[in-house]
Amino acid sequence: MILFLGGVLFLAPLLSFLADPVPGHDVQRIIQIAVLVLAAGVVAYRMAWSAPSGLLDRMYGCRNTVLIQLLLSICVLTGAVAVLHAERPLWSLREAGLYLGLLGLVMAIACDDVVAANKRYCWAVLLGIGPYVVFVCSLIAAVLVSHEALIRQAIFVGYSNFRFFNHVQTIAIPLLATVCATSLLPPWARRAAFIVLVAAFALMYFSAARATFGAMCTGAIAVAIVAPRQAKRWLMNLTVAAVLGALMYLLLFEGLLRLTQSGIDVSTVDLLANGRSIDLRQYLWRIAFGDFMESPWWGIGPMHFAHRFNGEAAHPHNALLQLLAEWGLPFTFAIVSLAGIALYRLVSRLRLESPGERATIGVGVTCASIAIAADGMLSGNFVMPLSQLWIAMTAGWWVCWMRELNPPRESASAMTGVRRLALGVWLVVASQIALVYLTVPEVLRLKQKLAVASAELRSDHFSPRFWSDGWF
């Protein structure tokens with residue numbers, strides 16, 4: 001399942017490009033739903049025939065089981081109320097179905113064989129990002145040599161907005177550094193991963209991805225502080241790649257640009273200096289906070305930020321405010337607490353590790369996790385389909401890494417955990433059935449739906465949320 005996910009991450013942008021004129025966001029959403037449905041089936045099959053006993057204990061540790069169960073119960077109860085309380089419950093059910101499906105995907109890949117999982121994750125990361133990065137760099141070089149104008153939105157093929165690729169980079173770059181710093185793959189594959197890592201940094205500089213760069217720096221600094229011995233090799237690979245990526249950017253994107261006298265849509269310096277994105281975020285954050293104050297307990301409804309047209313974006317570019325506005329305070333508190341416990345467990349275990357391959361994997365996963373959270377405070381990485389799949393893969397790797405330390409227990413409490421986990425699995429399955437039922441009719445008439453939305457908004461410029469038109 002892990003390698004299958006890596007293949008999907010590789011093929012999704014390509015299929016999005018080939019499916020033109022259907023927007024890439026919509027193609028990727030359809031692919032994502034198909035993957036989530038498959039993952040739900042895999043988890044249901046494994047639960048029915050070979051239950052992963054004690055998974056909750058392996059993920060969080062035995063002494064936290066009661067607290068975890070309490071927080072999960074709060075999530076389920078308040079989440080259900082938020083969905084039913086919404087003005088358009090069926091749209092809220094889609095959002096809940098997506099997140100439950102992603103949880104099912106995490107379970108599907110986390111339950112894979114622990115011994116072989118780390119190597120499979122490394123291959124999945126390299127396959128998921130490597131070919132696309134090489135293709136885009138080659139495309140840029142070809143455009144410059146042909147003296148044509150360099151337009152970023154046209155270069156990052158398969159993505160409705162090149163910022164959506166930046167969301168992927170936030171996760172893929174720390175994980176690529178992990179691939180380079182371990183010996184799990186053959187030497188030629190590690191060298192290829194390092195070349196891709198350097199090129200990924202160059203593309204990040206070219207696209208002036210401020211949020212991505214800031215999020216990765218936050219993650220790298222955090223692991224350097226909490227686990228300096230364990231992070232040494234990983235940080236060296238990341239730092240060297242970042243420097244070489246800057247040189248590649250200067251030579252390829254700046255030097256060749258001047259040498260060929262090709263045009264460019266906006267210079268990187270002007271893109272960095274553009275303050276409109278800051279003003280836009282402040283505008284969206286004020287709206288989200290107002291929605292939260294309107295209904296602080298249950299929120300205005302999952303995905304309902306996109307139900308109230310604001311002329312700019314269908315999500316507030318801040319995951320925390322989005323949770324508060326759409327799901328309410330109790331649900332947000334429970335989710336943030338669960339994420340905090342997970343990160344605390346990861347960091348605590350990482351600090352006890354001796355420097356080595358296993359510690360390096362823990363460093364990479366920790367950095368990626370922190371970068372995801374930091375990027376989520378400034379972007380929509382928790383909303384877009386491909387970045388959601390990358391987030392799920394990171395979470396699955398984290399669970400596998402923790403599973404190595406906590407073998408399953410044969411006890412009454414372990415069997416109780418299995419029964420509770422079984423309820424969660426069937427909830428995931430039911431949510432995917434509902435998601436398919438709600439979305440298949442729209443998929444079959446997607447072009448007509450987008451044409452109607454364009455006419456209603458009097459614009460072809462959409463702000464993607466579930467579909468590329470964004471609003472409902």
Side-chain angles (χ1 to χ4, degrees), residues 122 125-126 128-141 144 150 152 155-156 162 165-183 185 187-259 264 267-273 355 357 359-361 363-368 370-372 374-375:
C122 288
V125 170
L126 183 56
I129 190 71
Y132 185 82
V133 168
V134 173
F135 172 75
V136 170
C137 288
S138 302
L139 185 59
I140 291 173
L144 292 177
L150 192 59
R152 287 177 177 83
I155 290 295
F156 292 94
F162 68 88
F165 176 65
N166 293 150
H167 302 337
V168 170
Q169 286 180 295
T170 301
I171 310 165
I173 288 178
L175 297 183
L176 271 173
T178 305
V179 175
C180 298
T182 59
S183 59
L185 300 188
W188 67 266
R190 296 200 302 272
R191 287 193 290 269
F194 187 76
I195 293 171
V196 171
L197 181 59
V198 171
F201 268 111
L203 291 177
M204 184 187 69
Y205 301 140
F206 170 65
S207 59
R210 293 173 294 187
T212 295
F213 185 74
M216 283 194 302
C217 286
T218 301
I221 292 171
V223 296
I225 292 174
V226 301
R229 293 184 303 111
Q230 297 84 345
K232 185 177 180 180
R233 180 178 176 81
W234 181 88
L235 284 169
M236 184 178 300
N237 278 270
L238 188 75
T239 304
V240 172
V243 174
L244 292 178
L247 293 175
M248 179 179 174
Y249 161 73
L250 293 174
L251 291 174
L252 179 61
F253 303 121
E254 294 294 338
L256 194 56
L257 183 67
R258 289 186 172 86
L259 182 64
I264 189 170
S267 72
T268 303
V269 174
D270 290 339
L271 205 58
L272 285 170
E357 197 158 271
T360 301
I361 295 172
V363 167
V365 173
T366 302
C367 177
I370 295 172
I372 289 168
D375 191 26

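Below, each value reflects all heavy atoms present in this structure, side chains not excepted, and no hydrogens, waters or symmetry copies.
- Leu203 is listed as a side-chain neighbour of Cys137, based on a closest heavy-atom distance under 4.5 Å.
- Scanning all heavy atoms of the two residues, the minimum distance from Asn237 to Ala181 falls at ND2-CB, 3.7 Å.
- Rounding to the nearest 0.5 Å places CZ of Phe165 at 12.0 Å from CD1 of Ile155.
- In this structure, Ala199 and Met248 approach most closely via the heavy-atom pair CA-SD, 3.8 Å.
- Atom CD of Gln230 sits about 11.0 Å away from atom CG of Leu235, to the nearest 0.5 Å.
- Across all non-hydrogen atoms, the minimal contact from Met216 to Pro174 is SD-CD, 3.9 Å.
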One pair to check against side-chain contact (heavy atoms from CB on, under 4.5 Å): Thr182 and Ile361. What are the steps and the verdict? CA-CA 8 Å; Thr182 59; Ile361 295 172; 4.1 Å; yes
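- The side-chain heavy atoms of Val133 and Leu197, taken from C-beta on, include no pair separated by under 4.5 Å.
- Atom CG of residue Asn166 and atom CE of residue Met204 lie 9.0 Å apart, to the nearest 0.5 angstrom.
- Trp234 contributes no side-chain N or O that, together with a main-chain N or O of Ala220, makes up a donor-acceptor pair within less than 3.5 Å.
- In this structure, the separation between CD1 on Ile173 and CD1 on Ile129 is 8.0 Å, given to the nearest 0.5 Å.
- Annotation: side chain of Phe206 is in contact with side chain of Ile140 (closest heavy-atom distance under 4.5 Å).
- Tyr205 and Tyr249 have perpendicular rings, their planes meeting at more than 60° on a 0 to 90° scale where under 30° would count as parallel.
- Residues Phe194 and Val240 form a side-chain contact, since some pair of their non-hydrogen atoms from C-beta on lies under 4.5 Å apart.
- Shortest non-hydrogen contact noted between Cys180 and Ala193 is SG-C, 3.6 Å.
- With a 4.5 Å cut-off on side-chain heavy atoms, Val179 and Leu185 count as touching.
- No side-chain heavy atom of Arg233 sits less than 4.5 Å from a side-chain heavy atom of Pro355.
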Trace of the side-chain contact (heavy atoms from CB on, under 4.5 Å) decision for Thr178 with Val363: CA-CA 8 Å; Thr178 305; Val363 167; over 6 Å; no
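- Here the OG1 atom belonging to Thr212 is positioned 9.5 Å from the CD1 atom belonging to Ile171, to the nearest 0.5 angstrom.
- Closest heavy-atom contact between Leu126 and Ala189: CD2-O, 3.8 Å.
- Listed here is the closest heavy atom pair of Gln169 and Ala200: NE2-O, 2.9 Å.
- Rounding to the nearest 0.5 Å gives a distance of 9.5 Å between CG of Asp375 and OG1 of Thr218.
- Leu247 is not listed as a side-chain neighbour of Phe201, based on a closest heavy-atom distance of 4.5 Å or more.
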